[in-house]
Amino acid sequence: MIARIKTFNTLGLLGQEITVEADSSKALPTIEIIGLPDLMIKEAKERIRACFRNVGIDLPKRKFILNLSPSDLKKVGTAFDLPMAVALLCLIMEGKVAHYDRIQEFLFFWELGLDGSVKRVNGLLPSVISAKKKGYQVFFVPAENSYELEYISDITIIPLSHFQQIVDFLLKGIWLPHLRNAKNLDELSSQQQSLESDFAYIKGQLVAKRALSIAAAGLHNLLMVGAPGSGKTLLSKALPTILPPLDTSEILEVSQIYSVVGKLNKDLPLVIQRPFRQVHHTASKVSIIWGGSNLTPGEVSLAHKGILFFDELPEFPREVLEVLRQPLEDGIINISRVNGTVQYPANVMFIAAMNPCKCGYYKDREKTCSCSLNDIKRYQSKISGPLLDRIDMILEIPREKVDSLLTQRQHQSSAELRKQVIQAREVQKDRFKGSWIQTNAMMTAKDLDHFIQLDSESKDFLRQAAEKLTLSGRVIHRLLKLGRTIADMEGNPDLKVGHLMEALHYRSKTMFVEAA
């Protein structure tokens, strides 16, 4: 007899159905695991032995072979402990297993402790969502993971804390407590976290606030250049307060990424706020793009549908900055390594801040810069032209006068700006209905021809700007997208030359030596 148990293996955000096959023969007592298991899975045989012993079941003195099929797919992680243990249990208890006629309808995900206790696993949410799409409805999961599945409809969750419960279920036919009625995801998504920042408390910087609201409306990348203390970081950290809330599909999409890296917990069952990931300049390109040998998502994917913030941009090694070029252009991360190839979404709003030079006071109106021209060029050259081409808005952030900082005048709040951003997003939603595009920044060159019509005055303006400023084709496309967002903010169905002029203003490079 060969016992077969089903489970799912997470590869990126896609779940791959895995069949655990168990067989035995008369040979030296051992457990062999085959089918491209990693080291963690190979170690499972000792956990399984101890688990059976501690629930009072003696394994026969035979050679057991556990095959993870399909055998050409690399298997990673500890979630295979339970399906392998159940396969062994069904094999040694042949003819005595209750519900055996339905066992192929069940999926099992666990890591086992030596005493039979159940440990939580990573990547359960994308596995369950993928399995549900293939028709599976009953899932045996660790109780510590059940919170992230409670909002998935039309499935039955059986949360367990000990292997003994599975033994009672299979050998005694005892049905286990289960969850069937999904919680309301709309109620979860309507919860709002307290806002640490608010634009109402940021004095002055009216141009920057306008630019940030436009960037938020169209999901445009933005670079702020200014002296130390001008408010670049403060403005960036207030930006999440004006972003529209995640919708239901976005919550599940982002939460799957966080499930893979084990960042969901009882207090945070799903990610309901747009991510804000601030990356330190000491981070490696590996941690930014992918999480290491296990092909887990890096910072770019963790910022999916949210903000990826790089402060002090020139302090990052150039090789780290250059790896951003592909994900900023395509919105996805493709990771290819010896042990597999995975793809993660990376549709982020890239926000960066930098000083114009090493001392920070190049072209400052009040303090003299102490850097030489060569020092300034060397400092700014860390930001390559191709990377700047992928940034829609380049803003000069001047330092505010003391009098404006001390005034008590009420400024526009984040709630007011957020309302404008949401209205502009609704316009884009109607425009791109039935398309994969969600915001203006996601349009391709083909989409620009379809969704944007230019009058002769606008074409002449772009032609003159391209010739005078030596703009690349990519920059022209980004100006069109940005101009379209500015028109959406004003509720104007037509893209006019005034919108393009404002868009070009937001690509100011006067703080760069080449433009001096």
Side-chain angles (χ1 to χ4, degrees), residues 7-16 38-41 74-81 109-111 118-131 139 141-152 188 193 240 246 249-280 282-310 320 323-324 327 331-337 339-350:
T7 186
F8 261 66
N9 180 48
T10 301
L11 189 63
L13 298 186
L14 300 176
Q16 173 70 43
D38 69 347
L39 182 59
M40 289 182 286
I41 298 175
K74 181 72 175 179
K75 319 301 186 307
V76 179
T78 56
F80 294 96
D81 286 11
F109 307 86
W110 283 8
E111 175 187 339
V118 174
K119 312 291 184 182
R120 70 180 307 277
V121 294
N122 294 341
L124 186 58
L125 183 60
S127 291
V128 169
I129 290 177
S130 297
F139 303 89
V141 303
E144 294 182 33
N145 280 102
S146 60
Y147 47 77
E148 61 186 274
L149 306 177
E150 291 177 350
Y151 297 89
I152 309 299
L188 181 65
Q193 296 176 345
L246 292 169
S249 62
E250 290 175 327
I251 288 175
L252 292 177
E253 190 174 347
V254 176
S255 297
Q256 289 181 70
I257 300 173
Y258 280 71
S259 175
V260 171
V261 294
K263 291 186 176 292
L264 299 182
N265 52 52
K266 192 171 183 178
D267 297 327
L268 182 68
L270 295 176
V271 179
I272 60 174
Q273 302 290 332
R274 293 192 181 271
F276 180 88
R277 305 292 299 185
Q278 181 171 356
V279 182
H280 194 266
T282 58
S284 67
K285 63 180 181 180
V286 171
S287 65
I288 290 173
I289 297 299
W290 58 291
S293 59
N294 289 339
L295 300 180
T296 53
E299 290 292 339
V300 179
S301 294
L302 291 173
H304 180 58
K305 297 296 182 181
I307 296 171
L308 179 67
F309 178 47
F310 278 36
V320 171
V323 300
L324 293 173
I332 57 174
I333 293 286
N334 290 300
I335 308 171
S336 298
R337 291 297 180 268
N339 58 345
T341 300
V342 299
Q343 184 180 94
Y344 289 109
N347 186 17
V348 303
M349 182 179 178
F350 179 64

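- Considering only heavy atoms from C-beta on, Ile288 comes within 4.5 Å of Val279 through its side chain.
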*Can you list the steps and then say if Asn347 with Lys305 is a side-chain contact (heavy atoms from CB on, under 4.5 Å)?*
CA-CA 6 Å; Asn347 186 17; Lys305 297 296 182 181; 3.8 Å; yes
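- A salt bridge is defined here as a Lys NZ or Arg NE, NH1 or NH2 lying under 4.0 Å from an Asp or Glu carboxylate O, and Glu144 with Lys266 fails to meet this definition.
- Here Phe8 contributes atom CZ and Leu14 contributes atom CG; the two are 10.5 Å apart, rounded to the nearest 0.5 Å.
- Interatomic distance, OG1 of Thr78 versus CG of Asn122, reported as 7.5 Å (0.5 Å rounding).
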*Chi angles and distances behind the side-chain contact (heavy atoms from CB on, under 4.5 Å) call for Leu324, Leu308*: CA-CA 11 Å; Leu324 293 173; Leu308 179 67; 4.2 Å; yes
_Lys75 vs Asp38, test: side-chain contact (heavy atoms from CB on, under 4.5 Å). Steps then yes/no._
CA-CA 6 Å; Lys75 319 301 186 307; Asp38 69 347; 5.8 Å; no
*Go through Ile335 and Tyr344 one step at a time and tell me if the side-chain contact (heavy atoms from CB on, under 4.5 Å) criterion holds.*
CA-CA 8 Å; Ile335 308 171; Tyr344 289 109; 3.8 Å; yes
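- Counting only heavy atoms from C-beta outward, the side chains of Val118 and Glu111 never approach each other to under 4.5 Å.
- The closest donor-acceptor contact from the side chain of Ser287 to the backbone of Ala283 lies at 3.5 Å or more, if one exists at all.
- Note that CG of Asn145 is 11.5 Å distant from CH2 of Trp110, once rounded to the nearest 0.5 Å.
- Contact annotation: the side chain of Arg274 never approaches that of Ile307 to less than 4.5 Å [non-hydrogen atoms, C-beta and beyond].
- Of all the heavy atoms in Pro327 and Ile289, the pair that sits closest is CG-CD1, 4.3 Å.
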Can you list, pair by pair, the side-chain donor-acceptor contacts under 3.5 Å of residues 252-261, counting residues two or more places apart and other chains?
{"unit_1": "Glu253", "atom_1": "OE2", "unit_2": "His304", "atom_2": "NE2", "d": "2.8"}
{"unit_1": "Ser255", "atom_1": "OG", "unit_2": "Ile251", "atom_2": "O", "d": "2.6"}
{"unit_1": "Ser255", "atom_1": "OG", "unit_2": "Val271", "atom_2": "N", "d": "2.8"}
{"unit_1": "Gln256", "atom_1": "NE2", "unit_2": "Leu252", "atom_2": "O", "d": "3.4"}
{"unit_1": "Tyr258", "atom_1": "OH", "unit_2": "Leu302", "atom_2": "O", "d": "2.7"}
{"unit_1": "Ser259", "atom_1": "OG", "unit_2": "Leu124", "atom_2": "N", "d": "3.3"}
{"unit_1": "Ser259", "atom_1": "OG", "unit_2": "Leu125", "atom_2": "N", "d": "3.3"}
{"unit_1": "Ser259", "atom_1": "OG", "unit_2": "Glu148", "atom_2": "OE1", "d": "2.8"}

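- Between the side chain of Ser301 and the backbone N or O of Ala346 there is no donor-acceptor pair closer than 3.5 Å.
- The shortest non-hydrogen separation linking Ala303 to Val348 is O-CG1, 3.4 Å.
- Partners of Phe350 according to the ring-ring contact (aromatic ring centres under 6.0 Å, His included) rule, which considers only residues two or more places apart in sequence or in another chain, are Phe310.
- The nearest pair of heavy atoms linking Leu13 to Pro345 is CD1-CD, 3.6 Å.
- Across Val320 and Lys285, no two heavy atoms sit closer than the pair CG2-N, 3.8 Å.
- Here the shortest heavy-atom pairing between Pro142 and Lys119 reads CG-O, 3.4 Å.
- With a 4.5 Å cut-off on side-chain heavy atoms, Leu246 and Ile272 do not count as touching.
- Looking only at atom types and distance, the side chain of Gln16 has no donor-acceptor partner in the side chain of Asn9 under 3.5 Å away.
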